[in-house]
Amino acid sequence: MEYTQLGRTGLKVSRLVLGTMNFGPQTDEADSHAIMDAALDAGLNFFDTANVYGWGENKGRTESIIGNWFAKGEGRRDKVVLATKVYGDMGADGPAWPNHDKLSAVNIRRAVDASLKRLQTDHIDVYQFHHVDRNTPFEEIWQAIDVLVQQGKILYVGSSNFPGYKIAQANEIAARRGGTIGLVSEQCLYNLAERRAEMEVVPAAQEYGLGVIPWSPLHGGLLGGVLKKEVEGGRRASGRAADALGDPATRAQIQSYEDLLDKHGIEPGEAALAWLLTRPGVTGPIVGPRTAEQLASAVRAAELELSEELLTGLDEIFPGPGPSPEAFAW
């Protein structure tokens with residue numbers, strides 16, 4: 001496994017990020033622990049979660065599964081760069097009680113303590129804002145973060161689903177305050193089929209020294225060989241992938257993609273991950289395996305070298321927006 005610095009920091013992280021969103025809802029605790037052990041064995045040291053994972057009445061369950069795994073000892077916590085997120089309402093259902101969601105100083109303080117308890121650790125390495133809070137000024141957010149850093153409860157801060165201008169705004173205010181390192185990573189939707197991040201988000205991240213952590217690298221399974229699986233009678237497309245395949249043009253595009261990779265003898269899902277690893281500014285994509293076999297496939301992808309011919313072919317099938325601002329200005 002290769003490692004890289006997370007943005008402009010000195011923190012070394014693996015070029016694949018273990019996503020844990022399936023732990024609890026789709027993968028039971030024993031299998032989740034086995035996947036995390038296998039991830040460490042494969043060299044993955046960057047684990048991503050969120051306080052809301054587990055969903056519904058089970059919000060927080062995923063963090064608890066990870067915490068129970070840490071409690072097994074044998075250096076598990078020391079080997080992991082742990083990232084979690086704050087923003088969502090942690091109530092089981094219904095509207096949030098005032099100040100129990102988003103990024104007010106009150107909720108950040110409450111949420112980090114609750115996450116630390118579930119994760120059975122004394123600190124979070126990368127604490128991420130899960131979404132933009134339009135009602136809380138960054139001056140307040142950074143003041144709350146400064147306290148947590150001084151207390152040793154968090155080390156670095158990242159964003160998720162931020163537009164480019166919010167990345168700039170957050171870090172400019174952090175710089176004006178002084179003593180605050182600001183955002184060091186941005187977790188965004190980015191893959192072959194969804195390249196809008198190249199317009200503003202990736203350039204902003206590069207300008208401010210943030211590592212880019214793409215989520216949904218297979219676009220909900222659309223880039224994972226979905227048509228081939230249909231023919232072979234395997235798991236059918238669902239969610240975002242099924243919706244996309246309802247469009248004949250998209251279906252034809254995915255067929256061309258799978259045909260190209262069949263010609264090169266590469267599995268579609270592994271090619272999609274490997275492509276992201278060639279993109280400027282990308283630290284590593286988040287892989288969310290439900291099984292050990294899916295984790296093994298992701299690890300193989302990290303070792304793939306895509307030829308220039310294949311990269312050109314992928315660009316022809318999934319053209320990006322082009323450089324900013326030329327893509328929309330001229």
Side-chain angles (χ1 to χ4, degrees), residues 1-7 9-50 53 62-63 65-84 119-121 124-126 128 156 158 185 187 190-191 211-219 221 223-225 235 261 265-279 282-306:
M1 179 59 60
E2 291 186 3
Y3 300 89
T4 188
Q5 310 299 123
L6 180 61
T9 76
L11 187 65
K12 292 183 179 179
V13 295
S14 52
R15 296 221 62 201
L16 288 179
V17 183
L18 181 68
T20 63
M21 189 169 65
N22 291 321
F23 294 177
Q26 297 190 43
T27 306
D28 65 24
E29 181 157 343
D31 287 342
S32 298
H33 286 191
I35 289 172
M36 287 187 281
D37 282 333
L40 277 189
D41 289 343
L44 277 73
N45 77 334
F46 198 4
F47 289 16
D48 176 74
T49 191
Y53 290 171
T62 303
E63 286 188 332
I65 288 173
I66 297 170
N68 292 339
W69 181 74
F70 285 148
K72 291 182 176 182
E74 298 181 358
R76 285 176 171 83
R77 177 64 187 96
D78 289 341
K79 293 176 182 177
V80 168
V81 174
L82 175 63
T84 191
L119 290 163
Q120 299 188 51
T121 186
I124 294 161
D125 298 302
V126 185
Q128 301 164 114
Y156 302 95
S185 62
Q187 191 177 127
Y190 184 26
N191 56 55
V212 176
I213 307 170
W215 61 265
S216 195
L218 304 188
H219 208 56
L223 301 172
R235 187 168 182 253
L261 294 171
I266 298 176
E267 290 296 320
E270 294 176 13
L273 288 172
W275 178 83
L276 279 168
L277 291 171
T278 70
R279 306 310 300 165
V282 168
T283 298
I286 297 174
V287 296
R290 295 184 301 276
T291 65
E293 291 75 18
Q294 290 177 346
L295 175 63
S297 175
V299 172
R300 288 193 298 273
E303 300 169 353
L304 273 179
E305 290 190 16
L306 304 183

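FYI, side chains are in, hydrogens and waters are out, and symmetry mates aren't considered; it's all heavy atoms of this structure.
When side chains are defined from C-beta on, L304 counts as touching E270, because their heavy atoms get closer than 4.5 Å. Between V13 and T283 the shortest side-chain heavy-atom distance falls below 4.5 Å. In this structure, the side chains of T9 and Y156 come closer than 4.5 Å at one or more pairs of heavy atoms. Put simply, the side chain of P289 does not reach to within 4.5 Å of the side chain of T291, judged on heavy atoms. The shortest distance between side-chain heavy atoms of P214 and I286 does not fall below 4.5 Å. Contact check for L18 versus M36: side-chain heavy atoms found under the 4.5 Å cut-off. Looking at T121 and L82, their side chains come closer than 4.5 Å, going by heavy atoms from C-beta outward.
Annotation: the span from Q294 atom CD to L218 atom CG amounts to 9.0 Å, rounded to 0.5 Å. To the nearest 0.5 Å, the span separating NE2 on H33 from CG on D31 amounts to 10.5 Å. The CG atom of L119 sits 10.0 Å away from atom CG of N68, with the distance rounded to the nearest 0.5 Å. For the atom pair OG (S14) and CD (E2), the distance works out to 11.0 Å, reported to the nearest 0.5 Å. The line from CE of M1 to CG of L44 is 4.5 Å long, rounded to the nearest 0.5 Å. Of the inter-residue distances, the one linking N45 atom CG with L11 atom CG reads 7.5 Å to the nearest 0.5 angstrom.
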Apply side chain to side chain contact (heavy atoms under 4.5 Å, CB included) to the pair L16 and F46, showing each step before the final yes or no.
CA-CA 7 Å; L16 288 179; F46 198 4; over 6 Å; no
Full working for side chain to side chain contact (heavy atoms under 4.5 Å, CB included) between L40 and F47:
CA-CA 10 Å; L40 277 189; F47 289 16; 4.3 Å; yes
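The two residues L306 and W275 have their closest heavy-atom pair at CD1-N, 3.6 Å. The two residues P268 and G224 have their closest heavy-atom pair at CB-C, 4.0 Å. Across all their heavy atoms, Q120 and A71 have their closest contact at OE1-CB, 3.4 Å. In this structure, A292 and I35 approach most closely via the heavy-atom pair N-CG1, 4.1 Å. The minimum heavy-atom distance linking D48 with T20 is given by the pair O-OG1, 2.8 Å. The shortest heavy-atom contact between G43 and Y3 is O-OH, 2.6 Å.
In Q5, the CD atom is crowded: over 12 heavy atoms of neighbouring residues, nucleotides or ligands sit closer than 6.0 Å. For NZ of K72, the number of neighbouring non-hydrogen atoms (other residues, nucleotides, ligands) closer than 6.0 Å is greater than 12.
Between the side chains of R290 and T27, no donor-acceptor pair of N or O atoms lies under 3.5 Å. Counted by atom type alone, E63 and T84 present one or more donor-acceptor pairs between their side chains at under 3.5 Å.
A salt bridge between D125 and R77 is present, with a side-chain N of the basic residue lying under 4.0 Å from a carboxylate O of the acidic one.
Note: F23 and W69 fail the aromatic proximity criterion, with ring centroids not under 6.0 Å apart.
In this structure, R15 contributes its side chain and V282 its backbone to a donor-acceptor pair below 3.5 Å. Remark: side-chain polar atoms of N191 are paired, donor with acceptor, to backbone N or O of S216 under 3.5 angstrom. A side-chain donor-acceptor contact under 3.5 Å links R76 to the backbone of G73.
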